[in-house]
Every structure is written in structure tokens, then in C-alpha cells.
Amino acid sequence: MTARVVWSDAYGGWLVQTRALALAVMRDAAGFTVDDPRFSTARVVGPSMLSTEGAAHDRHRAPFAAPFRLRAIRGDLRPIVAGEAGRLVDAFAGAGAAELRTQFAGPLAAAVMAHILQIADTPTADVLRWYAAIVRATTDASEGRPPDPAGTAAFAELVAAIGPALAAAGDLGRDEIVSNAAVLLFGGIETTEGMICNAVWHLLTHPDALARVRADPGLLAAALEESLRLEPAAAVIDRYATADTELGGIAVARGDKVAVSIAAANRDPAVFADPGRFDLDRPNRARHITFAAGPHVCLGMHLARLEAHTALRVLLERLPGLALAQPTAPEGLVFRKPPVLRVRWTG
């Protein structure tokens with residue numbers, strides 16, 4: 001039985017490894033907060049919905065919520081996502097081979113977020129460059145290194161490009177608007193790109209499951225949820241204890257970092273039978289907590305699911321015989337995805 005809470009030198013804090021305790025920490029914003037000067041994203045972009053609590057969090061989050069509601073996703077964004085996915089696949093379909101992370105998953109996520117942030121006229125290459133720089137800086141901060149200064153430069157370019165309509169976002173100041181836009185850009189590309197790549201990888205490394213999904217596209221949603229469970233694109237989220245407390249039988253001191261392992265919680269053997277197996281028939285696959293929980297539950301979870309589901313559908317429909325062109329696997333301490341996803345197909 002895996003220990004429920006352990007000290008981790010790699011994360012510099014306590015690592016929570018069960019689903020029940022992970023939910024308890026994420027739902028208890030008073031006891032385990034993101035509002036701490038060590039919080040990695042805030043060190044790069046400043047205060048935002050990701051790094052504030054209570055009324056301040058609501059104030060930052062509320063102005064950006066509308067485009068991410070399920071009704072908007074199913075109505076306004078569905079055709080945009082489908083059109084962009086089709087356009088990207090059309091660009092390389094005749095080549096017989098592609099690198100899907102950089103030619104498909106990343107550009108798809110970037111184009112959709114550019115639409116939401118009202119910077120659709122900005123070249124996708126620039127949006128991806130900003131995102132990559134912010135990711136590097138945030139990863140540096142989360143792993144105890146000085147943030148890459150390129151992240152600050154990318155943030156400045158985003159400030160200059162941000163859509164003018166966002167200037168009326170609630171009662172937020174311009175710096176606050178841009179900080180939240182950077183968080184959405186970062187989360188909306190990094191995790192969605194990872195979701196798509198991880199799901200493709202899971203299907204292409206499980207030929208029986210792939211054959212079933214091809215025969216019955218209705219299983220695509222099950223495949224996506226099982227991939228989300230097994231390989232969450234954001235494997236760990238950070239909190240900080242606000243007082244001396246006890247967690248899973250461990251004494252946690254005020255100020256201690258508490259890293260919630262989403263990856264471990266999603267493989268909790270007390271919840272998921274044979275947790276390391278990719279199983280299309282798993283009855284409780286949707287009990288994963290890949291999109292977190294509590295006040296900081298992922299704002300873009302409906303959009304991310306739509307993008308990933310659409311991406312898988314378009315790839316399987318338009319690229320017959322899709323297969324890996326070289327071995328690969330998800331990597332990363334905090335953000336996990338295959339660094340390279342080379343594929344080939346016939347026809």
C-alpha cells in the first residue's frame with residue numbers, strides 16, 4: 001500500500017498520494033492555500049485567479065468564466081475547434097507522417113485560446129512562443145530555479161497584444177487582466193496539448209483499444225477519460241499549509257508546501273482496480289481528478305475535453321492506419337506529455 005503522505009525532496013514538500021486526501025486538500029482553501037509568494041505561476045505573471053483565494057479569487061475568475069461555460073463550449077466554440085482541427089490535419093495529411101505535438105496539438109490549442117483571448121489576428125507561432133517561454137519560466141520556478149527571463153519578455157508581448165474588449169473585464173486593472181490572460185494561455189495550451197498527445201499515445205500503444213474505438217467511435221469518450229486518469233497533463237499541483245495540522249497521520253507545519261499528486265490520486269488502488277491498466281470498460285474512470293477540485297477546479301475543463309475529443313476524432317477519421325513512427329512516452333515531473341509524437345499513416 002502506497003503511503004498516503006510522504007516527504008519528497010523532488011517537490012520540496014509533502015506529497016499527497018491518495019484520492020481522498022487530494023480532494024480534502026484541494027477543497028480546503030482555508031487550510032491549504034495557493035496564496036503564497038512561492039507559488040510558481042504568480043512568480044512569473046503576478047496575482048491571478050490561480051494564485052488568490054476567497055473574494056479575491058472570485059474577482060479575478062468571474063470576468064473570464066463566460067466563454068468556458070458548457071453552453072458556450074457546445075454552441076460557439078464547437079465549430080471553431082472542429083474547423084481548426086480539420087485545417088491543421090489537411091495541412092499535413094498528404095505527407096504520410098507528422099510530429100503531432102508541434103504540428104497539431106499545440107497549434108490547435110493555441111488557435112482556440114487566441115480566439116478566446118481576442119488575439120486571433122496574432123500569428124499562432126507568436127502565441128506558441130509566448131506560451132513556451134511562460135511554461136519554461138513557470139517550470140523553473142516550480143522546480144526551485146530562477147525563472148527564465150524569456151518568460152517576462154513573453155508576458156510583455158502578451159500585454160501589448162491583448163484584446164481590447166478584455167479591458168472591460170469586471171473591475172480588474174489592466175495588469176490583472178493580462179495576468180489572468182497569461183494564466184489562461186498557459187493552462188489552455190500546455191494542458192490541452194498534453195491531453196491530446198497523451199490520449200493519442202495511449203490509443204496507439206494499445207492496439208486492441210484502438211481497434212475497438214475505430215469500430216465504435218462512441219468509445220472515444222471512454223478512451224479520453226481513461227487517458228486523462230492514467231496520464232494527467234498536470235501531474236502535481238501545489239498548496240501551502242496555513243497552520244500546523246495533521247494530514248494522513250503526518251504532522252504538517254504551517255508554511256509547509258503540500259504537493260497534491262494528481263497522477264498518484266488517479267491511480268489510487270483503493271478507488272481504481274488494476275490502476276495502471278488502460279481499460280476502456282473501467283466503470284469509474286470519470287472519478288479521476290485530473291481537472292482538480294474545490295475553488296480552483298479547472299475553468300477550461302469543458303473546452304479541454306471538447307478539443308481533445310475533436311482532435312482524436314479528426315485524426316482517426318482522416319488518417320487511416322495511424323501508428324507511432326518511433327517509440328515515445330509521456331515525460332515530465334509536473335507537466336507530462338510525450339516530448340515528441342511522430343506518427344505515420346497509409347493512404
Just wondering, are more than 12 heavy atoms of other shown residues or ligands nearer than 6.0 Å to CG in D121?
no

Atom CG of residue position D175 - does it have more than 12 heavy atoms of other residues, nucleotides or ligands inside 6.0 Å?
no

Start with the C-alpha distance between R27 and H296, add both sets of side-chain angles, then the distance that settles side chain to side chain contact (heavy atoms under 4.5 Å, CB included), and finish with yes or no.
CA-CA 8 Å; R27 288 169 174 168; H296 292 281; over 6 Å; no

Mind checking whether [X] and [Y] sit in one hydrophobic cluster, side chains of I, L, V, M, F, W, Y counted as touching below 4.5 Å?
{"X": "V258", "Y": "M26", "result": "yes"}
{"X": "L185", "Y": "I177", "result": "yes"}
{"X": "V260", "Y": "V236", "result": "no"}
{"X": "W201", "Y": "W345", "result": "yes"}
{"X": "V252", "Y": "W7", "result": "yes"}

Return yes if some donor-acceptor pair links the side-chain N/O of [X] with the main-chain N/O of [Y] below 3.5 Å, else return no.
{"X": "R129", "Y": "A125", "result": "no"}
{"X": "R336", "Y": "N198", "result": "no"}
{"X": "D28", "Y": "G31", "result": "yes"}
{"X": "K257", "Y": "W14", "result": "no"}
{"X": "Y11", "Y": "L333", "result": "yes"}
{"X": "N180", "Y": "F64", "result": "no"}
{"X": "R267", "Y": "L230", "result": "yes"}

Checking R229 against F272: charged group under 6.0 Å from the ring centre and within 45 degrees of the axis?
yes

Do [X] and [Y] have a side chain donor and acceptor closer than 3.5 Å?
{"X": "T33", "Y": "E53", "result": "yes"}
{"X": "H202", "Y": "S227", "result": "yes"}
{"X": "S179", "Y": "E176", "result": "no"}
{"X": "N266", "Y": "T290", "result": "yes"}
{"X": "H288", "Y": "E225", "result": "yes"}

Between R318 and D90, is the closest basic N to carboxylate O distance under 4.0 Å?
yes

Is a salt bridge present between R212 and D281, judged by a nitrogen-to-oxygen distance below 4.0 Å?
yes

Working to the nearest 0.5 Å, report the span between [atom1] of [X] and [atom2] of [Y].
{"X": "R71", "Y": "H302", "atom1": "CZ", "atom2": "NE2", "result": "12.5 Å"}
{"X": "H60", "Y": "S51", "atom1": "NE2", "atom2": "OG", "result": "7.0 Å"}
{"X": "L108", "Y": "E193", "atom1": "CG", "atom2": "CD", "result": "10.0 Å"}
{"X": "L324", "Y": "R342", "atom1": "CG", "atom2": "CZ", "result": "12.0 Å"}
{"X": "L128", "Y": "T122", "atom1": "CG", "atom2": "OG1", "result": "11.5 Å"}
{"X": "D36", "Y": "D238", "atom1": "CG", "atom2": "CG", "result": "9.5 Å"}

Stepwise, does the side chain to side chain contact (heavy atoms under 4.5 Å, CB included) test hold for D279 with D274?
CA-CA 9 Å; D279 183 2; D274 195 4; over 6 Å; no

Determine, stepwise, if the pair E307 / T310 fulfils side-chain hydrogen bond (donor to acceptor under 3.5 Å, both in side chains).
CA-CA 5 Å; E307 289 183 73; T310 303; over 6 Å; no

Dump the intermediate steps for side chain to side chain contact (heavy atoms under 4.5 Å, CB included) on R254 and T242, then the final yes or no.
CA-CA 5 Å; R254 178 183 179 184; T242 60; 5.8 Å; no

Find out whether L316 and V213 are in side-chain contact, i.e. whether some heavy atom of one side chain is under 4.5 Å from a heavy atom of the other.
yes

With E226, which of R285, R277, R282 fulfils salt bridge (charged side-chain N to carboxylate O under 4.0 Å, His left out)?
R282

When I237, V5, L247 are each screened for side chain to side chain contact (heavy atoms under 4.5 Å, CB included) with V25, the one that passes is L247

Whether H206 and F278 hold their rings parallel, tilted or perpendicular, with breakpoints at 30° and 60°
tilted

